[in-house]
K.L.:
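Provided herewith is a single structure, encoded as structure tokens, for subsequent inquiry.
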Amino acid sequence: MAAINLLQAVNEALRQEMKRDPRVIVFGEDVGYEGGVFRATVDLQKEFGKDRCMDSPLAESAIVGVGIGMAINGMIPVVEMQFSGFSYPAFNQIISHVARMRNRSRGRYTVPMVIRMPYGGGIRALEHHSESPEAFFAHIPGLKVVMPSTPYDTKGLLAAAIRDEDPVIFLEPKRIYRAFKQEVPEEDYIIPIGKAKVVREGTDITLIAWGAMMRETLKAAELAAEKGIHPEVIDLRTIAPIDRDTVIASVKKTGRAIIVHEAPKTGGIGGELMAIINEKAFLHLEAPPTRVTGFDTPFPLPRGEQHYLPSPERILVKIQEVVNYLT
Amino acid sequence: MAAINLLQAVNEALRQEMKRDPRVIVFGEDVGYEGGVFRATVDLQKEFGKDRCMDSPLAESAIVGVGIGMAINGMIPVVEMQFSGFSYPAFNQIISHVARMRNRSRGRYTVPMVIRMPYGGGIRALEHHSESPEAFFAHIPGLKVVMPSTPYDTKGLLAAAIRDEDPVIFLEPKRIYRAFKQEVPEEDYIIPIGKAKVVREGTDITLIAWGAMMRETLKAAELAAEKGIHPEVIDLRTIAPIDRDTVIASVKKTGRAIIVHEAPKTGGIGGELMAIINEKAFLHLEAPPTRVTGFDTPFPLPRGEQHYLPSPERILVKIQEVVNYLT
Amino acid sequence: MIFKDYNPLEKKMLQIMDETGTIVKPELMPDLTDDEIKEIYRLMVKTRETDKKALMYQRQGRMLTYAPNLGQEAAQVASAFALEKRDWMVPAFRELGAWLTRGAELEMIYLYWYGNEFGSYVPEDLRILPVSVPIASHLQHAVGIAWAAKLQGKDEVAITYFGDGATSQGDFSESMNWAGVYKAPTVFFCQNNQFAISVPRGIQTAAETIAQKAIAFGMPGIQVDGNDIFAVYAATKEAVDRARRGEGPTLIEAYTYRLGAHTTSDDPTRYRSNDEVEEWSKRDPIDRLKKYLLSKGLLTEEEEAQIVEAYGKLAEEAFKYVEANGETQLEDIFKYHYKEMTPQLVEQMEEYKQFLRERGEI
Amino acid sequence: MIFKDYNPLEKKMLQIMDETGTIVKPELMPDLTDDEIKEIYRLMVKTRETDKKALMYQRQGRMLTYAPNLGQEAAQVASAFALEKRDWMVPAFRELGAWLTRGAELEMIYLYWYGNEFGSYVPEDLRILPVSVPIASHLQHAVGIAWAAKLQGKDEVAITYFGDGATSQGDFSESMNWAGVYKAPTVFFCQNNQFAISVPRGIQTAAETIAQKAIAFGMPGIQVDGNDIFAVYAATKEAVDRARRGEGPTLIEAYTYRLGAHTTSDDPTRYRSNDEVEEWSKRDPIDRLKKYLLSKGLLTEEEEAQIVEAYGKLAEEAFKYVEANGETQLEDIFKYHYKEMTPQLVEQMEEYKQFLRERGEI
Ligand SMILES: Cc1ncc(C[n+]2csc(CCOP(=O)(O)OP(=O)(O)O)c2C)c(N)n1
Ligand SMILES: Cc1ncc(C[n+]2csc(CCOP(=O)(O)OP(=O)(O)O)c2C)c(N)n1
Ligand SMILES: [Mg+2]
Ligand SMILES: [Mg+2]
């Protein structure tokens with residue numbers, strides 16, 4: 001086992017899957033010769049050649065649309081959107097074709113494709129470089145949406161995404177690409193898509209988060225523990241389809257829930273989770289489920305971003321509020 | 001007062017606003033010479049000339065993107081996406097620019113633009129012609145999203161949208177374009193954006209819907225009334241920003257809520273409304289708020305669409321379930 | 001060869017057979033046997049007759065929306081005829097003739113327009129993608145299919161069909177551009193039928209021809225008389241051969257006219273004159289080929305009548321089958337989104353079935 | 001006139017002044033006074049010096065990401081110089097030179113790269129749109145601005161800047177096409193600096209020139225030596241004049257080179273050779289103009305040194321101001337999305353302020 005960071009885990013999963021299956025092909029803007037602006041695809045072109053890892057013209061709709069055709073003709077494209085904020089030109093291809101080809105053709109044509117994109121804020125970046133668009137993709141039937149939070153999960157989930165026979169949107173928390181290392185098995189392995197993980201057990205309240213917000217949430221849980229509150233923390237890992245069983249089991253136990261996400265509050269996945277909790281665990285609730293999220297604004301430029309991102313302290317305040325509800 | 005249908009109300013609002021304000025300009029695919037595939041813009045070119053109402057090349061990203069430029073240079077573009085399912089090529093322009101230009105430039109440049117689109121199913125149409133994409137737009141800060149359900153509201157809301165200094169997505173329920181007529185004042189008037197309307201008073205449960213689903217919901221309310229259940233029915237009218245006051249006041253009164261929408265369940269506005277109700281009226285709840293929606297599938301082709309759309313009967317069953325919750 | 005001699009910037013349009021059925025460029029006559037020409041003729045008549053029936057059923061309220069082919073039979077049939085079985089076709093939504101040429105069953109095609117997704121369940125042995133409605137988006141898929149073939153060393157070419165309106169979309173340019181860069185073996189076949197619903201060609205682009213758009217993407221472009229099967233076939237064949245040889249993509253503009261409505265929801269008299277339509281009717285592609293065949297003694301009027309009748313019958317049978325088998329099965333709405341249904345979908349299906357069961361509807 | 005003589009399909013590139021500062025096409029010399037030429041020179045030096053300082057501050061961790069201009073000063077300054085005050089400029093993100101030429105204050109520009117939205121609060125008397133990051137999307141806005149001017153009878157032209165990479169995006173083609181159809185008075189100014197981040201021009205398109213893409217949209221296109229201010233100015237002026245006369249849009253490809261990194265996050269040594277960079281350094285646009293000015297006796301080395309120093313100081317002052325005033329005010333995050341804040345935004349802002357207040361942070 002070597003200790004690697006999340007970015008290296010992406011690279012390792014890509015390499016192992018490309019080795020395992022000659023149908024796997026990687027392309028996107030700058031991913032070939034240079035190995036990606038974040039270096040997620042570094043050395044893949046060297047190792048597998050220009051026909052397995054290549055630079056594309058600067059056109060996201062084409063990257064996805066061409067990928068669809070390649071998938072139909074026997075390949076497994078793993079394409080990169082350079083930043084999730086630049087996936088929008090490909091929105092029509094994603095919603096109208098990636099997500100629907102299997103259903104449209106009643107299973108005759110499928111799109112076993114992975115669309116990777118770094119997402120999220122906190123890296124002091126230019127406009128459009130800090131987006132968290134998971135709610136858009138989760139509202140598109142036919143897609144799976146995965147957001148890992150650790151090197152270990154990243155490697156296993158990306159491998160699973162590549163082997164999945166359905167299209168997967170794979171959102172990588174760029175803020176923590178290099179934030180920490182973790183022991184990760186060198187051999188390949190799979191973490192099943194559609195399964196959340198209880199990463200901290202607790203009794204008083206359920207905190208649900210994913211991706212880069214896991215760190216803030218876990219820190220908040222620690223802060224709460226110092227104050228005698230014991231949160232259970234769930235790493236959702238898959239945003240679509242949501243692992244309702246894990247969420248509901250936890251909320252039934254704790255009676256309380258907070259969802260944490262970076263994306264704007266209105267219409268975010270927080271609302272969907274609150275709805276699920278209502279539909280499945282209402283009688284167990286001791287307080288209304290609620291959320292700590294980005295504001296209903298675009299992500300601010302760097303001199304304002306510290307206000308936007310949910311912080312452990314903001315989460316803690318909400319935890320206290322929910323735990324003290326009506327007492 | 002003349003009795004007109006919803007489509008005529010669109011046309012009338014456009015005509016009156018074009019007359020009132022020479023900056024108002026209408027364009028899109030087929031909207032000029034022909035007057036639109038639904039005839040929403042009929043006779044406008046004749047009346048106002050080719051420089052006020054024109055056909056565009058077949059390019060939604062351009063229709064919106066060019067509209068942005070026109071708005072910045074002093075005009076008020078009211079553009080049409082021929083069907084809401086064809087708005088996706090314009091998604092990048094909408095999210096990256098329409099919604100952000102004001103904020104990006106700290107108010108220096110604004111986009112007082114209206115993007116009209118017929119939405120929704122039930123018209124036995126080809127693929128992509130039956131979409132309800134409101135949840136996507138509602139999750140984009142900087143937009144307003146309006147969905148009228150009657151000729152009267154349509155005329156007043158469209159006029160308000162055109163006069164609004166912010167961009168408005170105006171989703172028209174094509175299924176009921178010609179379904180019924182209503183007395184509508186000939187002079188121009190405004191219905192404020194951001195205000196929901198209680199269209200039926202009741203005490204037992206709050207039903208929230210919008211657009212084409214209002215008819216199903218009102219029918220369901222009648223069926224319920226026959227069974228002695230008295231629903232209050234809210235026409236949300238504006239999907240973003242949601243009129244929380246009206247919703248919350250009603251739920252506080254009834255203690256129960258069902259949201260009805262055509263769009264897929266997961267990630268739809270139903271979840272957001274349930275979240276709002278939790279956050280603002282939890283202690284008044286006598287049953288979990290829930291929803292009757294389209295399935296988590298694309299809209300089926302016509303031989304399957306009858307299954308997909310929420311019907312008064314499906315709503316009624318849910319009403320009974322919620323009203324009988326725990327009793 | 002032809003591409004070099006027919007530079008669209010010089011306003012040259014390839015025509016081999018003129019409106020009277022006379023071969024005006026014998027030196028360019030493609031290598032087609034009389035049998036093959038006759039086969040093309042039969043496919044064009046098949047297209048026309050089954051198209052007519054679809055319209056009729058639609059008017060009777062038995063078929064849903066339908067996008068007629070009238071006038072575009074030569075463009076479709078002769079181009080698809082230039083492909084091999086192993087090649088791929090990526091259609092828009094008005095390609096009945098091309099589907100039939102590639103061997104698709106009428107039942108499947110009618111089933112699609114009847115409003116059932118199984119109308120897009122293309123049999124394994126046919127390489128045709130389903131109807132694609134969002135204009136120009138499918139061109140990207142054709143490039144992907146072609147490029148994947150090339151990368152995998154498979155000898156396959158992809159042809160994609162689209163209209164004049166489609167050329168205004170970003171996806172048109174992106175896909176052409178990509179195919180140029182990676183020399184993906186793709187044939188971009190534009191049926192310029194002069195209208196995108198009501199919008200005339202002149203509002204789509206200021207370029208004098210659509211063919212010349214190829215220059216922007218570093219590939220050859222050619223304008224052909226779209227109502228002349230020989231011109232269409234010759235250009236397509238050359239484009240397919242080029243692609244197969246690894247020389248990259250081609251853009252073909254088939255200059256033609258939609259004689260019917262855009263779809264059955266459209267009333268073309270609103271936006272164009274009868275005179276124009278009549279003018280173009282005189283250039284009917286089937287009439288033209290018929291004249292050629294008659295003059296060569298390859299067809300008689302009686303034989304034609306028989307062919308017409310036979311295809312009419314075929315259409316009736318096919319539609320009968322569709323009406324008997326065309327209802328969507330409830331479970332099919334849920335079953336095909338993912339390899340395996342998600343728990344959410346299972347729940348939604350079960351809840352709905354329960355609803356129906358309680359009402360005695362299933 | 002120039003456009004006719006410089007057909008990109010004939011591989012002709014407009015150059016008026018060669019690399020030694022010699023005027024090689026005196027007959028095409030644009031109508032610029034010595035003062036104006038000197039002003040262009042000054043603006044180029046201003047661009048270079050303030051660009052350098054931005055890089056320096058960035059390396060010190062005081063400025064955030066920055067997209068340098070080195071090598072592209074002629075393309076930017078000389079093109080923007082061809083506009084009138086009433087015209088509009090729609091930039092991408094690498095247009096420092098064009099911003100300065102149009103009269104933008106350095107404080108504002110630095111403030112943007114410092115990471116504060118007020119850096120895009122363009123004063124009312126300047127017609128420049130904010131930096132646009134999503135590649136090629138802003139071209140559509142330029143067309144809209146130009147078309148709106150035309151429809152309102154206003155004598156205004158819009159110029160839009162973009163790179164070679166942008167030409168692969170659908171929005172590039174859609175906007176060019178639209179401008180062609182409606183003869184919107186737009187100048188599409190492509191700085192072909194040979195790279196889109198690490199991706200070389202050859203992977204963007206198989207077209208031999210970017211200029212020839214104009215043919216797809218029915219407008220003139222010209223390739224100019226982007227490091228020659230006279231070629232850039234002459235072509236832009238002609239394009240602006242054409243647009244003003246109602247003759248429609250033009251595409252200009254300024255053939256140049258990005259001598260620096262893509263942005264401060266980029267390491268160009270990974271993907272290109274030093275030799276290539278050195279080769280292009282010899283064609284430095286400022287050196288070239290300097291040689292011209294020296295040879296004409298319009299500049300001395302001492303004067304140059306003074307100019308350089310003055311702009312260096314200006315940059316320091318500007319940055320000092322920005323560092324002192326550049327923090328984002330909390331309320332500004334909420335205040336500018338809508339004309340009036342929605343109840344949701346008010347609530348979110350208040351809740352957050354309450355949080356800060358409780359922690360004594362405000
Ligand atoms: C993205 C998108 N926008 C709009 C439409 C609606 N629409 C359907 S067909 C059509 C016109 C297509 O014209 P053309 O490409 O010339 O093909 P033709 O119908 O003439 O065969 C339009 C606008 C669509 N299907 N997709
Ligand atoms: C839609 C979109 N995709 C990707 C990016 C990331 N990106 C920023 S600059 C750039 C390259 C641009 O190249 P070019 O157009 O040649 O301009 P240059 O940087 O050379 O000035 C890319 C890919 C982006 N900003 N927008
Ligand atoms: Mg057409
Ligand atoms: Mg470049």
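Below, chains carry the letters A, B, ... as their sequence lines are ordered, and counting in each starts from 1. The structure displayed is predicted, hence computed values, not measured ones.
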K.L.:
For D:Tyr114, is it the side chain, the backbone, both, or neither that has a heavy atom closer than 4.5 Å to a heavy atom of chain A?
P.N.:
both

K.L.:
If the plane angle is over 60° it's perpendicular, under 30° parallel, otherwise tilted; pick one for A:Phe86 and A:Phe83.
P.N.:
perpendicular

K.L.:
Heavy-atom cut-off 4.5 Å, strictly under: side chain, backbone, both or neither for A:Glu305 against chain D?
P.N.:
neither

K.L.:
Given heavy-atom pairs under 4.5 angstrom as the criterion, report whether the side chain, backbone, both or neither of D:Asp164 touches chain A.
P.N.:
neither

K.L.:
Is there a donor-acceptor pair closer than 3.5 Å between any side-chain N or O of A:Gln93 and the backbone N or O of A:Ala90?
P.N.:
no

K.L.:
Is a side-chain N or O of D:Thr50 found less than 3.5 angstrom from the main chain of D:Ala315, in a donor-acceptor match?
P.N.:
no

K.L.:
So for D:Ile135, is it side chain, backbone, both, or neither that comes closer than 4.5 Å to the heavy atoms of chain A?
P.N.:
side chain

K.L.:
Relative to chain D, which segment of A:Thr297 carries a heavy atom at a distance below 4.5 Å: side chain, backbone, both, or neither?
P.N.:
both

K.L.:
With a 4.5 angstrom heavy-atom cut-off, is it the side chain or the backbone of D:Glu351 that approaches chain A, or both, or neither?
P.N.:
side chain

K.L.:
Under a 4.5 Å heavy-atom cutoff, which of D:His262, D:Met349, D:Arg270, D:Glu358 has the most pairs with chain A?
P.N.:
D:Arg270

K.L.:
Identify which part of A:Phe295 has an atom lying under 4.5 Å from any heavy atom of chain D, answering side chain, backbone, both or neither.
P.N.:
both

K.L.:
Is a side-chain N or O of D:His141 found less than 3.5 angstrom from the main chain of D:Leu139, in a donor-acceptor match?
P.N.:
no

K.L.:
Using modelled atom types only, decide if a donor and an acceptor are shared between the side chain of D:Asn69 and the backbone of D:Gln72 within a distance under 3.5 Å.
P.N.:
no

K.L.:
Is D:Glu340 atom CD crowded by more than 12 heavy atoms from other residues, nucleotides or ligands, each under 6.0 Å away?
P.N.:
no

K.L.:
Could you check, using the six-membered ring where one of them is a Trp, whether A:His128 and A:Phe299 have ring centers closer than 6.0 angstrom?
P.N.:
no

K.L.:
Given that the side chain runs from C-beta out, which part of D:Gln344 has a heavy atom under 4.5 Å from chain A: side chain, backbone, both or neither?
P.N.:
side chain

K.L.:
Go through the atoms of D:Leu345 and report whether side chain, backbone, both or neither lie under 4.5 Å from a heavy atom of chain A.
P.N.:
side chain

K.L.:
For the side chain of A:Glu131 and the backbone of A:Gly85, is there at least one donor-acceptor N/O pair under 3.5 Å apart?
P.N.:
no

K.L.:
Using the ring of each side chain (for Trp, its six-membered ring), is A:Phe137 parallel, tilted or perpendicular to A:Phe91, with breaks at 30° and 60°?
P.N.:
tilted

K.L.:
Go through the steps for D:Phe195 and D:Tyr271 under the test ring pair (Phe, Tyr, Trp, His ring centres under 6.0 Å), then give the verdict.
P.N.:
CA-CA 10 Å; D:Phe195 286 92; D:Tyr271 53 81; 5.6 Å; yes

K.L.:
Which one, D:Ser265, D:Ala166, D:Ser168, leads in non-hydrogen pairs under 4.5 Å with chain A?
P.N.:
D:Ser168

K.L.:
Just so I understand: if I count every heavy-atom pair under 4.5 Å between each of A:Asp30, A:Val317, A:Leu126, A:Thr266 and chain D, which residue has the most?
P.N.:
A:Asp30

K.L.:
Go through D:Ser137, D:Pro134, D:Ala196, D:Gly326 and name the one with the most non-hydrogen pairs under 4.5 angstrom from chain A.
P.N.:
D:Pro134

K.L.:
Below 6.0 angstrom between ring centroids: does that apply to D:Tyr57 and D:Tyr66?
P.N.:
no

K.L.:
State, with a plain yes or no, whether a side-chain heavy atom of A:Thr290 is found less than 4.5 Å away from one of A:Lys318.
P.N.:
yes

K.L.:
Non-hydrogen contacts under 4.5 angstrom with chain D: give the residues of residues 34-46 of chain A involved, or none if there are none.
P.N.:
A:Glu34, A:Val37, A:Arg39

K.L.:
Regarding A:Arg256 and the six-membered ring of A:Tyr325, is the cationic atom NZ or CZ under 6.0 Å from the ring centre and inside 45° of its axis?
P.N.:
no

K.L.:
Does any backbone or side-chain atom of A:Thr293 lie under 4.5 Å from a heavy atom of chain D? Answer side chain, backbone, both or neither.
P.N.:
neither

